[in-house]
Protein chains: 2
Amino acid sequence: MKRFVLIEQLLKDKGIRLTTQRRLVVRRAVSHLHFTAEELVADVRAIEPSVARGTVYRVLILLHEAGVLEKHDFWHGPPYYEVTFGKAHHDHLMCVQCGEIIEFQEPRWERLQEEVVKQHGYQLLSHTHKLYGLCERCQHVDPKRASKPPHLHVEEVVA
Amino acid sequence: MKRFVLIEQLLKDKGIRLTTQRRLVVRRAVSHLHFTAEELVADVRAIEPSVARGTVYRVLILLHEAGVLEKHDFWHGPPYYEVTFGKAHHDHLMCVQCGEIIEFQEPRWERLQEEVVKQHGYQLLSHTHKLYGLCERCQHVDPKRASKPPHLHVEEVVA
DNA sequence: CTAAAATTGAGACTGAGTCTCAACTAGATT
DNA sequence: AATCTAGTTGAGACTCAGTCTCAATTTTAG
């Protein structure tokens, strides 16, 4: 089953109307690994130019409220979004110099986490774990000569 | 030794000039646990109204580049900053409803982390680990009736 | 089919953060 | 201590992501 179909079902179950625009935005969002809001706006408009910016942003809020969208913030540049629905939970390791992002899983953390959360009487909804560092390549570049991080790339576009 | 003196030394060692304004901003920043940029601007100006907003933001960038400032982003509202210099590393557990923030330490994570990072040939610079959930109190409130998270409070002001 | 409710597009608006530039220091040099 | 100069500042214009407003449109319920 396609991921976007399941997400559409999820939204429907929450009583959210599935309009043509929303379907389109969801499908385009799902097709990227990481994307900025403006990239998504452009991407959607390439297909259907009449879709308003506001509509795209509103869908992002819906996805967030449905708990299937993560936001990754950096010092430079706009946040990147990621539709997490149907993906195994993973954490991120990023190079602060070149912007490379590595996704990885670490089940041992997940367990420790539950423990800590329960101790404080919390009900866990989500979590993010981000490691910042220098990748192999960038470790060998003189930091004084290195240019500012260019702005993080979108890793890959998947159908 | 006061924390801000050590931070000033750190900046000096990096060849950064210590102006009156910078000293003031650093001191005010250190005196809060978490703060927004605009809160810091207001706080600094309460003491020295002539300090420009730009100056405050520039100090935040310096602290960030010196690796002693963390930024915490949320969906609603502006990011919160935190001067981490001289504090034992800790992670955050936040209530998405009322904005309560709990700081905790978990040494077992730190070890696992190093492991993962090395596997990928990275040199670790920093990391953040954030858990989002509902605190005891908010678990018992009907989510439909609950108001949007008000905006996160600054926990406490320490001298 | 009609009415009520939700959604949309368009564009104005907000607010955090950045940039520009002339005036002004901090700190090195004498 | 006086001088020099590169780095810093204040003021305000500017940018840009994201939000809001509202009339027009679409959807769903009856």
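Just so it is clear, the values below take in all heavy atoms, side chains as well, and ignore hydrogens, waters and symmetry mates. The model shown is predicted, which means the values in this text are computed figures rather than measured ones.
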Item to complete: Would you mind telling me which of dG10(D), dG17(C), dG27(C) lies closest to the side-chain atoms of Tyr81(B)?
Response: dG17(C)
Worksheet item: Rounded to whole angstrom units, what separation is found between the NE2 atom of His76(B) and the P atom of dT19(D)?
Response: 9 Å
Fill in: Length of the CG-C1' vector between Leu60(A) and dC20(D), whole Å
16 Å
Discussion item. Whether the side chain of Arg58(A) and the base of dG18(D) hold a donor-acceptor pair under 3.5 Å is what I'd like checked.
Written reply: no
Worksheet item: Given atom CD of Glu48(B) and atom P of dA11(D), what is their separation to the nearest angstrom?
Response: 10 Å
Worksheet item: Does Thr19(A) make a side-chain N or O approach to OP1 or OP2 of dT8(C) shorter than 4.0 Å?
Response: yes
Worksheet item: Nearest-Å distance, NE2 (His64(A)) to P (dG18(D))?
Response: 13 Å
Worksheet entry | Side-chain N or O of Ser50(A) closer than 4.0 Å to phosphate OP1/OP2 of dA10(C) | no
Worksheet item: Once the angle between the rings of His120(B) and Phe104(A) is folded into 0 to 90°, is it parallel (under 30°), tilted (30 to 60°) or perpendicular (over 60°)?
Response: tilted
Practice prompt. Take atom NZ of Lys12(B) and atom C1' of dT8(D), then tell me their distance rounded to the nearest Å.
Written response: 16 Å
Worksheet item: How do Thr20(B) and Glu38(B) order along DNA chain C: which one's closest nucleotide is nearer the 5' end?
Response: Glu38(B)
Fill in: Candidate list Leu11(A), Thr55(A), Ile16(A), test side chain to side chain contact (heavy atoms under 4.5 Å, CB included), partner Arg22(A), passing option
Ile16(A)
Discussion item. Of the options dA17(D), dG27(C), dA16(C), whose atoms approach the side-chain atoms of Pro78(A) most closely?
Written reply: dA17(D)
Fill in: Phosphate OP1/OP2 of dG10(D) contacted by Gln21(B) side-chain N/O (<4.0 Å)
yes
Worksheet item: Which sits closer to the 5' end of DNA chain C, Gly15(A) or Gly54(B), going by the nucleotide each is nearest to?
Response: Gly15(A)
Worksheet item: For His92(A) and Glu70(A), does a side-chain donor sit closer than 3.5 Å to a side-chain acceptor?
Response: no
Worksheet item: Side-chain donor-acceptor pair under 3.5 Å between Trp109(A) and His129(A), yes or no?
Response: no
Practice prompt. Please state whether the rings of Tyr81(A) and Trp75(B) are parallel, tilted or perpendicular, taking 30° and 60° as the class boundaries.
Written response: tilted
Worksheet item: Separation of Trp75(B) atom CH2 from dA16(C) atom P, in whole Å?
Response: 18 Å
Item to complete: Taking Arg3(B) for its side chain and Val30(B) for its backbone only, find out whether a donor-acceptor pair lies under 3.5 Å.
Response: yes
Practice prompt. Write down the distance between CG (Leu24(B)) and P (dT8(D)), rounded to a whole number of angstrom.
Written response: 17 Å
Worksheet item: Between atom CG in Leu40(A) and atom P in dC16(D), what is the gap in whole Å?
Response: 19 Å
Worksheet item: Is Tyr57(A) near enough to dT19(D) that one of its side-chain N or O atoms lies under 4.0 angstrom from OP1 or OP2?
Response: no
Worksheet entry | Residue Ile61(A), side-chain heavy atoms: nucleotide from dT28(D), dT19(D), dG9(C) that is nearest | dT19(D)
Worksheet item: Starting at the 5' end of DNA chain D and moving along, which residue's nearest nucleotide shows up first, Lys71(A) or Arg17(A)?
Response: Lys71(A)
Discussion item. Please confirm whether the shortest side-chain N or O distance from Arg22(B) to OP1 or OP2 of dT9(D) is below 4.0 Å.
Written reply: yes
Worksheet item: Where the side chain of Leu18(B) is defined as all heavy atoms beyond and including C-beta, which of dT8(D), dG9(C), dG27(C) is the nearest nucleotide?
Response: dG27(C)
Discussion item. For dG9(C) and Thr55(A) - does any side-chain N or O of the residue sit under 4.0 Å from the phosphate oxygens OP1/OP2?
Written reply: yes
Worksheet item: Counting only distance, no hydrogens or angles, is the base of dG11(C) paired donor-acceptor with the side chain of Arg53(A) under 3.5 Å?
Response: no
